[in-house]
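Reading through the structure tokens given below for one structure.
Starting from 1, each residue takes its place in the sequence as its number.
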Amino acid sequence: MVKFSKELEAQLIPEWKDAFVNYWLLKKQVKKIKLSRVPKQPPDAAGDFGVSIFDPVRFFTKKISDKLFSYDNKTEIIQVKSKIMEDGEEEEIFETELAQLFSSEDEVRVFFEALDEELNKVNQFYKTKETEFLERGEILNKQLQILLDLKQILNDRRWKNSGTKSNMPSVPSSWSSSPRNSDFSTESLAESKTIPTETQTSEAIAALEKNGVNFINTATRGKTMKGKPKMAMRIDIPNTTPTRTITAVTSMLWEDLVNNPKKEGPGEFINRRKIQCAEKMIRGAFVELYRGLGLLKTYSSLNMLAFTKILKKFDKVSNQQASASYLKAVKRSHFISSDKVVTLMDEVESLFTKHFASNDKKKAMKFLRPQQNKDSHMVTFFVGLFTGCFVSLFCVYAILAHLSGIFSHNTERDYMETVYPVFSVFALLSLHLFMYGCNLFMWKSTRINYNFIFEFQPSTALKYRDAFLICTTFMTAVVAAMVVHLILRANNFLPSHVDGIPGLFLLFSIALLVCPFDIFYRPTRYSFIKVIRNIVCSPLYKVLMVDFFMADQLTSQIPLLRHMESTACYFLAGNFRSHQYETCRSGRLFRELLYVISFLPYYWRAMQCARRWVDESDVNQLANMGKYVSAMLAAGARITYANNPHSHLWFYIVVITSVMATVYQLYWDFVKDWGLFNPKSKNLWLRDELVLKNKNIYYASVALNAVLRVAWVETVMGFHRIPDVESRLLDFLLASLEVIRRGHWNFYRLENEHLNNVGKYRAVKTVPLPFRETDSDG
């Protein structure tokens, strides 16, 4: 049977952990009471005549008498009183008064003082969150009503333009219900069987103006060239896409250049696209509200169970039925007696089902209560199977490579130019997936809510077993292709045919990535493509946590991008047939692309910082952008020095720029990303809150990250003069170490983000709302 303390720790909400009952502290107090009640009589005291055959009879007689005579006195043992604090706000505080039976026992008094403190803490936190969610619910109801009124106005406009006289006009197919767009218009048409009149439209506009939506000259609105009513209103749609971003920037520049805004206001038009965006935002806000209410309901039930368990332990230790009166006080407290959360959850369910799910309760529950996929034992089985296959195939490859002399001076150049770049890409990618799987395992073990931080859907989020499965599958396929390649070369197949195997393998992997069929983790594949699109198009897309986290991963995969560039050049130029390797190594275009590829990940990351500075007005983002600019300068200096290894000037430039960039990066890693090096912390040079219990792990991690950050020393130590095979293997080793460093960095970066959420009790995402709640100021 699992202990309740472990069960509570597994079920509590990580971001609200400090607001839960401190069950472990109360358990220690009960243990102290138990130790204080141990008889201090020596074993050989007078009157102790050993064990008697009448002891069982005495024991049962005592039990029966306790039950018979304790009923009348159990309400006199403790008395829990609630009083109202008069300090500006009325607040109910629970205090326990002990009867004479317990008054002389300090341990019991300390226990109930701690119990009162925990009860008041839980009650106050519940009230705060309940008020917050109730206010959010009122705002969302108002936003929903505005949306419904806007839909009515759009319907009026469409009917007037079409000139239809029938009582039940047809609805365009674009307004039909779908997972992304609800069917407000369909329902509003079904509810109103007649064509709305001008009076109804005016009433809808008046209702909107009361809710803070501002129109231009409601009585005599302007007309566009097509006769549509012209309206100015505040619909705040976030600039999350390139189209919206470019439109916002051009509008702002136009106003600055003309410096003469229209007197009538911004002159925005109500259109279907904006209403759909607003609808999507409100739908997401309802989902988050429902999730928050569910968490608060779980918070209430778990705390009630914790109070019940700890009071039962106290009764067992004290041999008194003292918990009944205290439990009555707990049940009277606000976090148990209030039914506002349950009522609001029912209201949200009904509203969401009606307006966002076409009155389909099952469809609504897919949004409101997404089910997590259960871990399959088949995934674990295949992870073990492919791991064994990978080890076996790698041993076979090593034996075949040795027997065929593939790394001899006669054949090493051909092999390293054709096979090494492609298979290095998959090896580095598989290593990164393995490190990500380790991250997922550690985040789950330490209860870091990575799905909430990355805004992943629980039903489709990748688990650590899935990451290991993808990693082992890739590596097994890669080594199998390498073995087939060696066997075909040994059997004297044409080199132009054999050397096309790596290219075919690369094409197959790309086809699998974009495959539209629901196989091999399609939601994860498409989410990955979407994130890469957001990174490449920086700063046009709004930057989310998962976007800049993935961009940081790309800064550690510059060798992989270089291998992809050389592989693309090798196969697109047809060099795998002619074996003219210098075309893709010494050409001017290749040298210029080398700079571009080395700069791109840092450039993307710098543009993300610039976008976040614009959106959030956070000066720290500019400082963070400076870190990536310094990394770009250092990378460019190292490439130039590699092309001119005898230049002393570039040697000094490489040392200076690399040292400055490394110090900058280490400071940002430890202080900003990990939150360490706090001189006032109770943990020496760390931070106050630590997820891992062993502090030495943090000190070792700081040292390891610092060592792996200075891998650039290889550039200035003359290692480039070693033979080609050894040089390639050294490059692969350094690239692998950087991937390992990044995987190691990932854990502490997310740990710091999680602790920030815990410090702010942030367990629910705040979704921006489209409509202003106050009158527009023009």
Side-chain angles (χ1 to χ4, degrees), residues 1-14 16-41 43 59-60 62-67 69-83 92-126 298-336 447 693:
M1 184 176 179
V2 181
K3 290 185 177 180
F4 176 73
S5 56
K6 293 184 178 179
E7 184 180 345
L8 177 63
E9 189 173 6
Q11 293 184 12
L12 59 78
I13 302 155
W16 295 350
K17 183 176 181 180
D18 294 339
F20 274 82
V21 175
N22 195 338
Y23 183 80
W24 298 269
L25 174 65
L26 297 175
K27 196 175 176 182
K28 288 180 181 178
Q29 295 293 339
V30 171
K31 201 169 187 180
K32 288 182 181 179
I33 296 173
K34 183 179 181 181
L35 293 175
S36 67
R37 288 173 172 265
V38 174
K40 300 178 180 178
Q41 199 174 5
F59 176 77
F60 285 111
K62 186 177 181 299
K63 281 287 185 181
I64 294 172
S65 62
D66 287 343
K67 288 185 178 181
F69 297 104
S70 63
Y71 180 79
D72 296 332
N73 298 326
K74 67 179 181 179
T75 57
E76 300 176 1
I77 295 176
I78 59 173
Q79 293 181 359
V80 186
K81 296 182 178 180
S82 62
K83 61 180 182 178
E92 191 177 22
I93 301 297
F94 291 91
E95 289 184 357
T96 302
E97 294 182 1
L98 301 180
Q100 187 66 30
L101 181 62
F102 289 144
S103 60
S104 61
E105 298 187 30
D106 292 336
E107 289 80 6
V108 175
R109 177 178 52 81
V110 171
F111 169 76
F112 277 102
E113 286 177 356
L115 198 63
D116 291 339
E117 185 178 349
E118 294 299 317
L119 177 58
N120 293 324
K121 178 185 73 174
V122 169
N123 218 27
Q124 185 59 36
F125 180 82
Y126 186 88
T298 302
Y299 174 83
S300 172
S301 59
L302 283 177
N303 279 298
M304 182 63 202
L305 187 58
F307 279 116
T308 305
K309 292 285 185 180
I310 201 64
L311 286 169
K312 282 184 178 179
K313 284 184 177 292
F314 175 79
D315 286 349
K316 186 176 180 182
V317 168
S318 63
N319 292 325
Q320 298 289 339
Q321 298 298 320
S323 64
S325 56
Y326 201 96
L327 279 177
K328 288 180 181 178
V330 173
K331 291 177 181 178
R332 288 196 311 269
S333 62
H334 187 80
F335 82 98
I336 294 297
R447 291 188 56 76
K693 296 180 180 179

Check your understanding: Does a side-chain N-to-carboxylate-O contact under 4.0 Å join Glu113 and Arg109?
Key -> yes

Practice item. Write down the atom of Ala19, the atom of Lys121, and the distance for their closest heavy-atom approach. Key: O-CE, 3.8 Å

Check your understanding: What distance do Leu115 atom CG and Leu311 atom CG have between them, rounded to the nearest 0.5 Å?
Key -> 5.5 Å

Point to revise | Asp116 vs Phe111 side-chain heavy atoms within contact, under 4.5 Å | key: no

Review point. Is any side-chain N of the basic residue among Asp315 and Lys312 closer than 4.0 Å to the acidic one's carboxylate O?
Key: no

Check your understanding: Is Gln124 close to His334 at the side-chain level, that is, under 4.5 Å between some pair of heavy atoms?
Key -> no

Point to revise | Check: Phe314 ring centre within less than 6.0 Å of Tyr326 ring centre | key: no

Point to revise | Atom pair NZ/CG of Lys28 and Asn22 - distance to nearest 0.5 Å | key: 8.5 Å

Point to revise | Rounded distance [0.5 Å steps], NZ in Lys313 versus NZ in Lys309 | key: 8.5 Å

Review point. Minimum heavy-atom separation for Leu119 to Ser333, with atom names?
Key: CD1-OG, 4.2 Å

**Study point:** side-chain contact (heavy atoms from CB on, under 4.5 Å) involving Lys32 - partner list, sequence neighbours excluded
**Key:** Gln29, Glu107

Check your understanding: Taking atom types as modelled and ignoring hydrogens, do the side chains of Asn303 and Tyr23 form a donor-acceptor contact shorter than 3.5 angstrom?
Key -> no

**Study point:** Close side-chain approach of Ile310 to Phe4, heavy-atom, < 4.5 Å
**Key:** no

Review point. Is the Tyr299 to Phe125 ring centre distance short of 6.0 Å?
Key: yes

Point to revise | Approximate separation, where rounding is to 0.5 Å, of Leu26 CG and Lys31 NZ | key: 14.5 Å

Exercise for review: Mind checking the OG1-CG spacing from Thr298 to Leu12? Nearest 0.5 Å is all I need.
Suggested key: 11.0 Å

Exercise for review: Report yes if the side chains of Ile336 and Ser300 come closer than 4.5 Å at any heavy-atom pair, otherwise no.
Suggested key: yes

Exercise for review: Determine the minimum heavy-atom distance between Arg447 and Ala10, stating which atoms define it.
Suggested key: NH1-O, 2.8 Å

Practice item. Output all residues satisfying salt bridge (Lys or Arg N to Asp or Glu O under 4.0 Å) with Glu9, sequence neighbours left out; order by chain, then residue number. Key: none

Practice item. Rounded to the nearest 0.5 Å, what's the gap from NZ on Lys316 to NZ on Lys34? Could you check? Key: 7.0 Å

